[in-house]
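Quick notes on the structure that follows.
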Amino acid sequence: MKQPRHFISLHDLSSDELRAVIGRATELKKHRDPDYQPLKGKVLAMIFEKSSTRTRISFEAGMAHFGGTALFLSPRDTQLGRGEPLADSAKVISSMVDCIMLRTFAHETVTTIAQYSKVPVINGLTDYSHPCQVLADMQTFFELRGDIAGKTVTWIGAGNNMCHSYIDAAMCLDFTVNVACPVGYEPNAELVAAAGKHVQLFSSPQEAAKNADLVTTDVWVSMGEEQEKQQREHDFRDYQVNQAVMSQAKPDALFMHCLPAHRGEEVTAEVIDGPQSVVFAEAENRLHAQKALLEFLICN
Ligand code: CP
Ligand code: NVA
């Protein structure tokens with residue numbers, strides 16, 4: 001059996017393939033042809049252990065645009081929530097659909113499903129990474145500023161799932177990420193070691209933002225970390241993207257945030273609603289980037 005291509009990490013695509021998917025996403029955005037239905041009759045299963053607005057709607061709308069169908073599945077309503085083994089679930093689900101997208105707590109849930117799936121598996125966010133969002137962020141940067149190779153991205157905040165996918169993107173697309181985070185919240189040490197010159201750790205957000213082409217951040221408390229809310233609000237209080245931080249970056253630097261955002265915490269309203277912010281373009285690009293990804297994975 002031919003092994004399916006998966007998208008669990010940005011590393012699952014070569015740099016050339018990533019650039020091709022990004023270019024294709026922009027093309028699909030510019031020229032929407034309702035008669036182009038490459039996924040007619042195809043089915044995407046979407047398994048969500050966590051909440052979602054953007055991920056669910058963009059995949060569901062994307063499948064509809066392409067003539068296919070998306071199934072929303074939650075562990076609560078399927079046997080997944082009652083402990084059916086992941087290997088069995090993967091074999092069963094992949095015998096009936098053409099692609100599986102999952103949003104889970106444990107990253108291993110996605111890798112195990114991929115191991116036993118006959119069809120492509122897409123990571124729609126795990127505790128470890130969020131490659132679909134960073135793919136859309138890269139599309140947004142390429143559209144507004146051209147290729148990101150050689151540029152500097154500043155990440156302010158937790159070394160979390162989004163931060164990990166930014167580090168992966170830096171390796172794949174050849175840019176540098178300056179990460180400013182409080183002690184104890186650093187990104188995965190193995191990933192940082194593997195990224196070598198592509199990542200630099202800072203304790204000061206202002207230092208990290210110097211000469212940046214893109215400044216980005218994320219919530220202080222991710223899904224599943226709610227019990228740490230109080231501690232995190234204390235630990236992250238100096239890690240906010242505000243005008244003082246943005247003024248260290250290049251004058252034409254962009255601001256991105258995967259959303260949902262907490263104004264007054266990780267970012268001020270002035271920045272996220274200001275002229276350098278492209279957060280809604282990023283959100284819309286989830287649709288276009290994932291349509292290009294689905295086409296690449298299912299049609300190729
Ligand atoms: N950025 C993102 O993944 O948003 P949702 O949680 O709404 O899917
Ligand atoms: N880091 C956030 C991203 C949400 C899209 C979380 O995991 O909750």
Side-chain angles (χ1 to χ4, degrees), residues 7-10 25 44-63 70 72-74 100-110 122-141 153 155-169 177 179-182 185-188 191 214 216-229 231-233 235-236 239-241 254-263 265-267 272 277-291 293-294:
F7 188 66
I8 293 168
S9 150
L10 289 154
L44 169 72
M46 309 189 296
I47 299 167
F48 283 94
E49 290 180 0
K50 296 172 172 171
S51 306
S52 168
T53 297
R54 280 145 286 269
T55 304
R56 177 178 178 178
I57 298 171
S58 53
F59 272 109
E60 210 163 313
M63 284 302 290
F72 176 82
L73 304 164
S74 90
I100 303 173
M101 191 281 296
L102 299 98
R103 167 167 288 195
T104 63
F105 289 93
H107 189 71
E108 294 67 38
T109 304
V110 174
I122 298 174
N123 172 359
L125 181 147
T126 68
D127 286 347
Y128 180 71
S129 60
H130 195 4
C132 287
Q133 180 67 55
V134 174
L135 185 66
D137 290 12
M138 292 300 105
Q139 181 195 341
T140 311
F141 190 93
V153 174
W155 173 270
I156 312 250
N160 65 7
N161 44 13
M162 277 295 299
C163 179
H164 291 153
S165 289
Y166 260 99
I167 296 173
D168 286 335
V177 201
V179 176
C181 62
Y185 296 97
E186 294 84 3
N188 179 281
L191 179 62
L214 164 62
T216 183
T217 186
D218 189 9
V219 289
W220 291 342
V221 184
S222 281
M223 290 181 277
E225 297 170 346
E226 291 78 7
Q227 71 291 351
E228 297 172 27
K229 188 171 186 297
Q231 183 67 47
R232 283 175 171 262
E233 280 172 3
D235 296 345
F236 282 92
Y239 291 80
Q240 180 188 63
V241 181
L254 300 172
F255 171 76
M256 292 195 194
H257 189 309
C258 62
L259 305 178
H262 293 216
R263 287 168 176 76
E265 293 187 14
E266 75 274 8
V267 59
I272 196 169
S277 173
V278 292
V279 297
F280 297 111
E282 261 181 282
E284 183 193 322
N285 280 342
R286 292 293 303 276
L287 170 69
H288 310 297
Q290 288 157 200
K291 281 172 75 175
L293 180 66
L294 288 165

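Atoms considered below: every heavy atom in the structure, side chains included; atoms not considered: hydrogens, waters and symmetry mates. Positions are given from 1, in the same order as the sequence printed here. Each ligand, and each atom within it, is numbered from 1 in the order the structure gives.
Judged purely by atom type and a 3.5 angstrom limit, E186 has no side-chain atom pairing as donor or acceptor with the backbone of C181. The main-chain N or O of A283 is never found under 3.5 Å from a side-chain atom of R54 such that the two would form a donor-acceptor pair. Judged purely by atom type and a 3.5 angstrom limit, E228 has no side-chain atom pairing as donor or acceptor with the backbone of E226. A donor-acceptor contact shorter than 3.5 Å links the side chain of N160 to the backbone of C163. Listed for the S129 side chain is no donor-acceptor partner under 3.5 Å among the backbone atoms of S165. Side-chain atoms of R103 do not come within 3.5 Å of backbone N or O of L125 as any donor-acceptor pair. Panel note: side chain H164, backbone Y128; a donor-acceptor pair is recorded below 3.5 Å.
At under 3.5 Å, a nitrogen or oxygen of M223, whether backbone or side chain, sits near a nitrogen or oxygen of ligand 2. Residue-to-ligand polar distances keep K50 apart from ligand 2: every N/O pair is separated by 3.5 Å or more. At under 3.5 Å, a nitrogen or oxygen of L259, whether backbone or side chain, sits near a nitrogen or oxygen of ligand 1. Below 3.5 Å of separation, one finds an N or O of C258 facing an N or O of ligand 1. The N/O atoms of N161, backbone and side chain alike, include one that comes under 3.5 Å of an N/O atom in ligand 2. Not a single N or O atom of H130, backbone or side chain, sits closer than 3.5 Å to an N or O atom of ligand 2. Polar contact check, R56 against ligand 1: no nitrogen or oxygen pair lies under 3.5 Å apart.
Residue-ligand proximity, R286 to ligand 1, at heavy-atom distances under 4.0 Å covers atoms 1 (N), 2 (C), 3 (O). Below 4.0 Å from some heavy atom of L125 lie the following atoms of ligand 2, by number and element: 3 (C), 4 (C), 5 (C), 7 (O). Listed by atom number, the atoms of ligand 2 under 4.0 Å from N160 heavy atoms are 1 (N). For ligand 2, the atoms sitting less than 4.0 Å from at least one non-hydrogen atom of D218 are 1 (N), 2 (C), 3 (C), numbered in the order shown with element in parentheses. Atoms of ligand 1 found under 4.0 Å from any heavy atom of T53, numbered from 1 in the order shown, are 5 (P), 7 (O), 8 (O).
A donor and an acceptor atom, one from each side chain of T217 and E266, are nowhere located under 3.5 Å apart.
With D127 as reference, K50 is the one residue of M223, E225, K50 to meet the side-chain contact (heavy atoms from CB on, under 4.5 Å) rule.
Residue-ligand proximity: L259 is placed with a non-hydrogen atom under 4.0 Å from ligand 2.
Of the candidates E282, R103, M162, the one placing a heavy atom closest to atom 6 (O) of ligand 1 is R103. With S222, G124, S51 as candidates, the residue nearest to atom 2 (C) of ligand 2 on a non-hydrogen basis is S222. Of the listed options H257, R54, H130, H130 places a heavy atom closest to atom 3 (O) of ligand 1.
Using bins of under 30°, 30° to 60° and over 60° for the plane-to-plane angle, the ring pair Y166/W155 lands in the tilted bin.
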